[in-house]
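Just below is one structure, and these are the notes that go with it.
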Amino acid sequence: MSDYDPQAIEKKWQRRWADERAFEVTEDPGRPKYYCLVMFAYPSGHAHVGHVRNYMIGDVIARMKRMRGFNVLHPFGWDAFGLPAENAAIKNRSHPETWTLDNIAHMKGQLQRLGISYAWERELATCEAAYYRWNQWLFLRMFERGLAYRRRSTVNWCPDCATVLANEQVVDGGCWRCGYAVEPRDLDQWFLRITEYADGLLDGIGRLDDWPAKVLTMQRNWIGRSAGARVRFAVEPAGPAAPAGGDAGADIEVFTTRIDTIFGATFVLLAPEHPLVSRFVDEARDPAGLQKRVQAFRALDRTDRLTGAVEKEGIDTGRRCINPFTGRPVPIWIANFVLAEYGTGAVMAVPAHDQRDFEFARKYGLPVDVVIQPEGAGGGAPLDGATMDAAYAGPGVLVGSGEFTGRSTADAPAEMAQAAEDRGFGRAAVQFRLKDWGISRQRYWGTPIPIIHCGACGLQPVPDEDLPVELPRVAEFSGRGDSPLAQIPEFVDTTCPSCGRPARRETDTMDTFVDSSWYFYRYCDPANDERAFDPAAVRYWGPVDFYIGGVEHAILHLIYSRFFCRVFKDLGMVDHDEPFTRLLTQGMVLRDGAVMSKSKGNVVDPDEMISTFGADALRLYETFVAPPEKEIEWTDSGLEGSFRFLTRVWRLVTRAAPALGGAPRDVIEGGALDPPHRGLRRKTHDTVRRVSGDLDPRAHLNTAVSALMELVNELYAFCDGHGVKLGQPPAAGAGAEALPPATAAVLREAVEALVLMLSPFTPHLCEELWERLGHAGGLRAAGWPEFDPAVAKADEIVVPVQVNGKLRARLTVPADVGEEELRTAALAESAVQAHTAGRRIARVVVVRGKLVNVVAR
RNA sequence: GCGAAAGUGGCGGAAUUGGCAGACGCGCCGGAUUUAGGAUCCGGUGGCCGAAAGGCCGUGGGGGUUCGAGUCCCCCCUUUCGCACCA
């Protein structure tokens, strides 16, 4: 039986924190700041214990930092725009806003019952005009700078979601959200010029020391920088038989990372979508036949083409172009594996030194000219294009390469790119895999793009003073048609801000990743209605010191935010280079080996857990069960174990408390204590040392908790031996009112440290216990416990003694024992003598304070 | 296919610098208390041999460096993640 009643305690303290505005903060130049952030939530309806884990990690860090004297900003908000709200509205014949606000209200209640120390007064939701107007404002600044632009392009269209997706949102050829196969479509789209910052984003990765290496690698791959050269091949005129004659003015520009192999470029390959292809078709002897074959390439499944699932095939255009280095004509083919969207959509093919080109050449009987020979290839015969069975892509020496023959593959590229530039047909160039970010969405529930289309003046920005362009209230969602806003005349019809004539509003809305790319700045100054945020506020709070969220955002949100950070910096609104100093990607919570989801029916509802075991037990369990980065498998028995531990803590503190009052500290500070008392003090101080380091900087929440459990175990043993009865329900007036002063003082020190250090994990319980220990003002007034290294250090240690690396004895010796004494004591051990009998002692390794190893032969 | 990370009891995990492997928790076993159950407290719990003392083995597998390896090096296996025709 225990009288630990989490429901009552949690209610009491949650109310008190709210009444006292305990976690609200303002800028205070006199104190060091700490910005602790968890990724804001999509209001899907219900938080599950996976969300809870994310928020717990943040809360433990925030509460600990607060106790250590930091001015901690720990805000929360809602990523409230997006498709599910719209789909739900269509289904329920209601409005997305209704669904969204209801969900927010419910989830907020769930989070509040967990006692997370958020500065709720800074809460924001991206669907509020007060927020998204600054999306629009920023878009206009980017528009002015050419960073936001409109162009027709082939885009990723998800037929299921009926909208366009960014490249980052296409996973294995499918929609990142619904998995439906994505189709290409040609549409006029708005783009943000993230490629302008490609180099900066790449360079910045090198300075993100406190990010997981895995995320950095993913970002590096995504940006995909390739250094190489662009070279133009002049197209020969079509033959006299061709109807249109053709002209010699056309060039094919290729991008290559191996310009050093260009003397071996024996043909050129075009993507089926390359602009010259249609011209070659027109000028062909059999235009209809060629067209048909090209169409077959274009119709290939896009995913298969991108992932290499289709067999490499080509079409000979019958045309030729001049390799500018050799001066010789080479045939032009169209190949199904050449990508239109990368580089120039055309490549020079060097079959001797590129495996794909090699296979292609063998298949179609095209020449293979070796221009690189491996260096110092010992006994191996030189490569021969006629007989080789695979391309050689390694380093070596150039052969058959005119004036560059004899150069190494290390030196040649720079020289040859320079030569191309000098002769006017090429230049060194860098190519990125990263593409501009397409943000147009043909959906309703998002930020309207603040642009007006005028027949006379073209694209006109909405004047700043007319912001926000508010979403019109739509009565009913039918789900018909492409773009809901386009169907609302009151929204679409407007006048041109420049000439005043009738004009149309842009009806696309912004990708919701725009919303999430800067919300962490808005938290710094959430109520500002004159600007996105006051730069002074961000100068104080920014950058985010600790950011916690799922690894699934490694290349979406986390690259976009780094991009926006740079834009804001160029606008003079922030002065740091990177928005998130430290990143922790927390592991998912699984159940039955699978991610929790409504459709699988394996969701664990935090409210249910709270009502049985209390929020504190849930909080403790989720932080204790594994390191934060690892995924965990939910177990009910683990949660019960955490509850059991809290019950033990409750009993320990409430039953010991009456006996602890007024114990003078000096009894233990200078006084001579017997070994059990010294032992408990040592454990107390050592636990403070361990927990402090585990939490900050290591963020090893699980080992911090186990250290506290050890301390509790030790306290139970100590109480057992010193007349404090914890095991049994107290008889009337039981407890330990007559403890010796030293015992009371040592116990008090231990119990108080325990309550303080446990409080970031289980704040309600610890506030209550702290109060019952006679402290007013709450935990916030208390501060983080300090430890004395001299006390934390044992005065006696156990030193293992090995013989030939095997443990044979243990020595209990004073901690500061000398090397010579250790050696002598070890050799005197009977177990050591037994295992060295009849052998010569070759060496005795003594590591002071660690171990002795006797080497006997 | 390429790259990265990981592999430790029945389970989750610990071991901060190359120095007692298995902290802490779950589960299980035993004892106390109890009419009983539950709860609680105390103790035990890697495997094998042994009555015990003790011994041998043991961190995916194999080799190596070292007085000493979960930790460092090489090869292999498995799992997870990322990339996957990017010219």
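First the proteins, then the strands, lettered A, B, ... as listed; each starts at 1.
Contact check, A/Asn702 against B/A14: a side-chain N or O comes under 4.0 Å of OP1 or OP2.
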Letter per nucleotide, 5' to 3', of nucleotides 44-64 of chain B [B base touched, S only sugar-phosphate touched, - untouched; heavy atoms, 4.0 Å]: -----------SSS-------
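With hydrogens and angles ignored, a donor-acceptor pair under 3.5 angstrom links the side chain of A/Arg698 to the base of B/U16.
With sequence neighbours left out, the side-chain hydrogen bond (donor to acceptor under 3.5 Å, both in side chains) criterion links A/Asp696 to A/Lys65, A/Arg68. Under the rule for a salt bridge (charged side-chain N to carboxylate O under 4.0 Å, His left out), the partners of A/Arg823 that lie at least two apart in sequence or sit in another chain are A/Glu820.
Aromatic ring centres of A/Phe613 and A/Tyr621 lie farther apart than the 6.0 Å criterion allows.
B/G9: glycosidic angle within 90° of 0, hence syn.
Straight-line distance from the CD1 atom of A/Ile632 to the P atom of B/C26: 16 Å, rounded to whole Å. For the pair A/Ile797 CD1 and B/G19 P, the interatomic distance rounds to 15 Å; values are reported in whole Å.
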Watson-Crick or G-U pairs under 3.5 Å in RNA chain B, rendered as dot-bracket with [ ] for crossing pairs and | for another strand: (((((((..(((......[....)))((((((.......))))))((((....))))..(((((..]....))))))))))))....
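Across residues 261-277 of chain A, not one residue has a non-hydrogen atom less than 4.0 Å from an atom of RNA chain B. Of the residues in residues 843-857 of chain A, those with a non-hydrogen atom less than 4.0 angstrom from any atom of RNA chain B are A/Arg843, A/Val845, A/Val847, A/Lys850, A/Leu851, A/Asn853, A/Val855.
Note on A/Val551: nothing from the nucleic acid sits closer than 4.0 angstrom, heavy atoms only.
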